[in-house]
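Encoded as structure tokens, the structure appears first; notes follow it.
Since we're looking at a predicted model, the values are computed, not measured.
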Amino acid sequence: MCIRDSRFGSVLRFFNQLRIKGEYVYQNEDTMTVYHHNTISVDPAITRVDPGRNTGYRFSATLALGNDGMSLPGALQLDILYETYASSMGGSWDFDKIYLSSQYIGTLGRAIQYRNRIAVATLRDENEGVQTHPNHYEYALGGMGTLRGISYKSLQGQRMFLMNQELGVGWDNDLWIMGFIDVGMTDDIIPGGSLKDQLTDFNRNQWVSTIGLGIETGSTQEFGVRFDIAKDMSTSKAPWISYFRLSRTF
């Protein structure tokens with residue numbers, strides 16, 4: 001994927017807790033299809049490059065409540081992102097995206113820590129049933145930061161649900177042992193469904209779940225390293241997958 005990007009916008013901040021951002025987006029893009037989960041062989045036709053221009057607007061709001069997460073009641077962050085792109089503005093595609101998420105982190109006695117993230121999102125084409133969006137604008141899950149235990153970005157679709165739960169113990173605020181559960185899924189939009197249906201009506205039989213353990217250094221405000229090992233619980237005989245990254249998972 002190659003992107004030549006121009007953006008113009010502004011940001012408003014209120015008491016360092018609420019941030020509102022608006023942008024005008026003008027992008028010339030070459031896009032390529034993302035491989036799907038458990039794909040062994042790929043038809044060369046789906047790896048084609050689709051050049052085009054994406055033009056529209058992005059609006060986002062972030063509300064941060066609480067302290068730094070190293071004590072109770074903890075820190076809560078709420079995010080909403082809305083994007084709209086249209087050929088009437090000079091682009092090649094017509095679609096809208098909505099992404100909602102909440103993240104919480106709290107520490108009891110500076111030794112027991114709980115982290116939670118829940119995110120839902122949907123992408124709707126202007127003409128239902130006809131793809132009018134570039135493939136890479138769909139939501140992808142898999143790997144560190146989303147669903148640990150499955151391959152990186154191996155799930156892709158127009159709708160997404162993701163939940164991460166972590167519970168751990170720490171020593172001197174510098175070393176943490178975390179146990180975690182990840183649950184998520186992607187699929188295409190529901191034909192004729194309302195926006196509420198797109199964001200809430202998920203088929204639990206399609207959920208992918210993973211479990212794992214992690215070792216992490218540093219507090220919630222400090223630079224550190226993280227090592228995880230995770231396993232996909234949705235399929236039999238799935239291997240354990242390890243990850244190493246800087247800073248915490250989410």
Side-chain angles (χ1 to χ4, degrees), residues 34-42 68-72 74-77 79 99 101-121 136 138-157 159-187 202-250:
V34 179
Y35 296 168
H36 285 246
H37 189 33
N38 294 331
T39 298
I40 297 176
S41 62
V42 179
D68 64 2
M70 289 304 294
S71 62
L72 292 179
L76 174 67
Q77 179 173 307
D79 292 280
Y99 176 89
S101 76
S102 68
Q103 297 183 59
Y104 170 80
I105 179 171
T107 306
L108 177 63
R110 307 188 72 84
I112 300 175
Q113 190 171 108
Y114 170 69
R115 301 173 185 170
N116 168 270
R117 175 174 63 180
I118 300 176
V120 294
H136 78 277
E138 294 183 356
Y139 300 98
L141 298 179
M144 179 65 77
T146 58
L147 285 176
R148 293 155 287 187
I150 68 173
S151 301
Y152 178 66
K153 290 188 176 181
S154 58
L155 299 179
Q156 179 185 341
R159 299 197 305 148
M160 179 270 289
F161 169 83
L162 175 65
M163 180 173 62
N164 305 106
Q165 305 271 356
E166 291 196 350
L167 182 65
V169 295
W171 289 268
D172 298 325
N173 299 328
D174 291 322
L175 179 65
W176 296 87
I177 307 296
M178 312 294 295
F180 59 83
I181 300 174
D182 301 331
V183 177
M185 64 162 289
T186 63
D187 65 1
F202 291 97
N203 184 354
R204 295 189 180 184
N205 293 328
Q206 298 182 18
W207 285 6
V208 175
S209 58
T210 68
I211 63 170
L213 294 172
I215 300 176
E216 177 181 314
T217 65
S219 70
T220 60
Q221 292 185 315
E222 295 176 345
F223 177 84
V225 296
R226 169 93 179 213
F227 176 80
D228 281 339
I229 182 169
K231 178 181 177 65
D232 183 357
M233 300 298 293
S234 304
T235 59
S236 61
K237 298 181 180 180
W240 288 90
I241 301 177
S242 60
Y243 303 93
F244 178 80
R245 67 171 291 168
L246 302 178
S247 191
R248 68 177 190 265
T249 304
F250 62 89

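Using modelled atom types, one side-chain atom of Ser234 and one backbone atom of Ser209 make a donor-acceptor pair closer than 3.5 Å. Of the possible donor and acceptor atoms, one in the side chain of Thr186 sits under 3.5 Å from a partner among the backbone N and O of Gln156. A donor-acceptor pair is defined here as one N or O able to donate and one able to accept, closer than 3.5 Å; such a pair exists between the side chain of Thr107 and the backbone of Gly69.
Around atom OH of Tyr152, no more than 12 heavy atoms belonging to other residues, nucleotides or ligands sit under 6.0 Å away. Atom CG of Leu76 has more than 12 heavy atoms from other residues, nucleotides or ligands within 6.0 Å.
In this structure, Arg148 forms no cation-pi arrangement with Tyr243, as its terminal cationic atom is not both closer than 6.0 Å to the ring centre and no more than 45° off the ring axis.
Judged as a ring pair (Phe, Tyr, Trp, His ring centres under 6.0 Å), and not counting sequence neighbours, the contacts of Phe202 are Phe161. By the side-chain hydrogen bond (donor to acceptor under 3.5 Å, both in side chains) test, Gln165 pairs with Tyr114, Asn116, sequence neighbours left out. Residues satisfying the side-chain hydrogen bond (donor to acceptor under 3.5 Å, both in side chains) test with Ser242, not counting sequence neighbours, are none. Scanning for side-chain contact (heavy atoms from CB on, under 4.5 Å) contacts around Ala75 gives Ile105, with sequence neighbours left out. Residues satisfying the side-chain contact (heavy atoms from CB on, under 4.5 Å) criterion with Ser71, sequence neighbours excluded, are Asn67. Under the side-chain contact (heavy atoms from CB on, under 4.5 Å) criterion, Gln103 pairs with Gln77, Asp79, Arg117, Phe250, not counting sequence neighbours.
Between Asn164 and Glu166, every side-chain heavy-atom pair lies at or beyond the 4.5 Å cut-off.
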